[in-house]
Number of protein chains: 2
Amino acid sequence: MESNQPLCCDTTEIHMDLVEQVRSQLPQDEILYDLAELFKIFGDSTRIKILYALLESELCVCDLAKLMEVSQSAVSHQLRVLKGSKLVKFRREGKVLYYSLADDHVLSILNQGMDHLTE
Amino acid sequence: MESNQPLCCDTTEIHMDLVEQVRSQLPQDEILYDLAELFKIFGDSTRIKILYALLESELCVCDLAKLMEVSQSAVSHQLRVLKGSKLVKFRREGKVLYYSLADDHVLSILNQGMDHLTE
DNA sequence: CTAACATATGAATAACTGTTCATGTGTTCA
DNA sequence: TGAACACATGAACAGTTATTCATATGTTAG
C-alpha cells in the first residue's frame with residue numbers, strides 16, 4: 001500500500017512546454033482576481049434585479065425596495081456594493097437619493113450573459 | 001418611543017406609478033436568477049483562470065493543476081461546475097481528458113468585464 | 001487480472017456572503 | 001430646535017462555497 005502519492009502527472013509531465021507557454025499568456029493574477037471580484041457583483045439576483053431596474057429608469061432607494069419586495073436595508077447594503085464597483089452612481093435631491101447606472105458597460109455585460117442563457 | 005416603524009416611504013409613496021412601470025419591464029425572476037447563477041461562475045478567480053487558460057489552448061486536468069499551482073482535486077471540482085454551465089467541454093484520449101471552451105460567449109463575457117476594469 | 005495512473009467525487013471544514021435587526025446620520029419642515 | 005423621514009451602517013446569524021483529504025472510477029499496459 002505504501003502510497004508515495006503521485007500527485008499528478010509526476011512521471012510523464014505531459015505538456016510541460018505547453019503549460020509554460022499558456023502561463024506566459026495569462027493576465028496577471030491581480031487582474032484575474034479583480035475580474036472575478038467584478039463578476040461576483042453580478043452573481044447575486046438581488047443586485048442583478050437592481051441593475052435591470054436602473055436600466056429602465058433612475059430610482060430612489062425605497063422605489064427599489066418596493067419594486068423588489070425586499071427591505072430598505074437590504075437594498076441599501078447592495079447599493080453600497082454596486083457603488084464600490086462603480087456600477088451605479090447617485091444624485092441627491094433633498095432627503096432622497098436617486099440611483100442610476102454608472103455607464104453602459106453594465107448593459108453590455110448583462111447582455112452577454114443573457115446571450116449565453118438564451119441560445 | 002413607541003415606534004410604529006415607518007418601513008419605507010409609507011406616507012408619500014413617492015413614485016408608485018414609475019415603480020409599476022419599471023416592474024413590468026423586468027425579466028422574469030427565474031431568468032434573473034439563472035443569470036445571477038451564470039455570473040456566479042465567473043465570480044471566482046480559480047475558474048476565471050481556468051477559462052483564460054483554455055482560451056489559449058485545450059488542456060488536460062493536470063496541465064491546469066500545474067499551470068495554476070492548485071491541487072488536481074480543486075481543478076476537477078471547478079471543471080465540474082464549468083461543465084454544468086456549459087462553459088467548457090472535453091474529449092477523452094485514453095486516460096487523459098482534454099478540456100476546452102464550449103463556445104465563444106465565454107470570451108465575450110470576459111472581455112466585457114475587462115473593459116469595465118481597464119477604463 | 002493486476003498495477004499504475006488520470007480524473008472524479010463525497011464528506012468535512014473554514015471562509016465568505018446576504019439578510020435582518022437595531023440604530024446612526026443627514027436633510028427638511030414647522 | 002426638534003420631529004419626521006430617507007437612507008446608511010455595524011453586528012449577528014444562517015446559508016453558501018472553495019478547498020482539502022481520502023477514496024472511488026475508468027482506462028491502459030504488462
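Proteins get letters first, then strands, A, B, ... in listed order; numbering begins at 1 in each. Keep in mind that this is a model prediction, so the values were computed, not measured. What you see below is based on every heavy atom in this structure, not just the backbone, and it leaves out hydrogens, waters and symmetry mates.
If you take NZ on B:Lys66 and NE2 on A:His15, they are separated by 9.5 Å, rounding to the nearest 0.5 Å.
Taking atom NZ of residue B:Lys66 and atom C1' of nucleotide C:dC5, one finds them 13 Å apart after rounding to whole Å. Atoms CZ (B:Arg91) and C1' (C:dT7) sit 16 Å apart, rounded to a whole Å. B:Lys95 has its NZ atom 12 Å from the P atom of D:dT27, to the nearest Å. When the P atom of C:dC5 is taken as reference, atom CG of B:Leu97 falls 17 Å away, rounded to whole Å. Following rounding to the nearest Å, A:Leu79 (CG) and D:dA6 (P) show an atom-to-atom distance of 16 Å. The interatomic distance linking B:Met68 (CE) with D:dA18 (P) rounds to 12 Å, in whole Å. Between B:Ile50 atom CD1 and C:dT7 atom C1' there is a gap of 14 Å when expressed in whole angstrom units. Atom pair A:Tyr98:OH and D:dC7:C1' shows a separation of 13 Å (rounding to whole Å applied).
Comparing B:Gly94 and A:Lys83, the nucleotide of DNA chain D nearest to each residue sits closer to the 5' end for A:Lys83. Mapping B:Phe90 and A:Arg92 onto DNA chain C via the closest heavy atom, the residue that lands nearer the 5' end is B:Phe90.
B:Gln72 contributes no side-chain N or O that forms a donor-acceptor pair with the base of C:dA6 under 3.5 Å.
Listed by first then second residue, pairs satisfying ring-ring contact (aromatic ring centres under 6.0 Å, His included) with a partner in residues 19-38 of chain A number zero, not counting sequence neighbours. Screening residues 94-113 of chain A for salt bridge (charged side-chain N to carboxylate O under 4.0 Å, His left out), with sequence neighbours left out, gives no hits. Annotation: ring-ring contact (aromatic ring centres under 6.0 Å, His included) contacts involving residues 78-97 of chain A, sequence neighbours excluded, comprise A:Phe90-A:Tyr99.
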Report the C-alpha separation of B:His116 and A:Leu87 in whole Å, then their side-chain angles, then the decisive distance to 0.1 Å, and conclude whether the side-chain contact (heavy atoms from CB on, under 4.5 Å) test is met.
CA-CA 9 Å; B:His116 180 77; A:Leu87 295 173; 3.6 Å; yes
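Taking A:Arg23 as the reference, A:Glu20 meet the salt bridge (Lys or Arg N to Asp or Glu O under 4.0 Å) condition, with sequence neighbours excluded.
When heavy atoms are screened at a 4.0 angstrom cut-off, A:Tyr99 is found touching the sugar-phosphate backbone but no base atom.
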Please output the side-chain donor-acceptor pairs of residues 41-56 of chain A that fall under 3.5 Å, not counting sequence neighbours, one pair per line with the distance.
from: A:Asp44; atom 1: OD2; to: A:Thr46; atom 2: N; distance (Å): 3.1
from: A:Asp44; atom 1: OD2; to: A:Arg47; atom 2: N; distance (Å): 3.1
from: A:Arg47; atom 1: NE; to: A:Ile41; atom 2: O; distance (Å): 2.7
from: A:Arg47; atom 1: NH1; to: A:Gln78; atom 2: OE1; distance (Å): 2.8
from: A:Arg47; atom 1: NH2; to: A:Lys40; atom 2: O; distance (Å): 3.2
from: A:Lys49; atom 1: NZ; to: B:Asp29; atom 2: OD1; distance (Å): 2.9

For nucleotides 13-20 of chain C, give me one character per nucleotide, 5' to 3': B if any protein heavy atom sits under 4.0 Å from the base, S if the only such contacts are to the sugar-phosphate, - if neither.
----SSSB
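Between A:Arg80 and D:dT9 there is a side-chain N or O to OP1 or OP2 distance below 4.0 Å.
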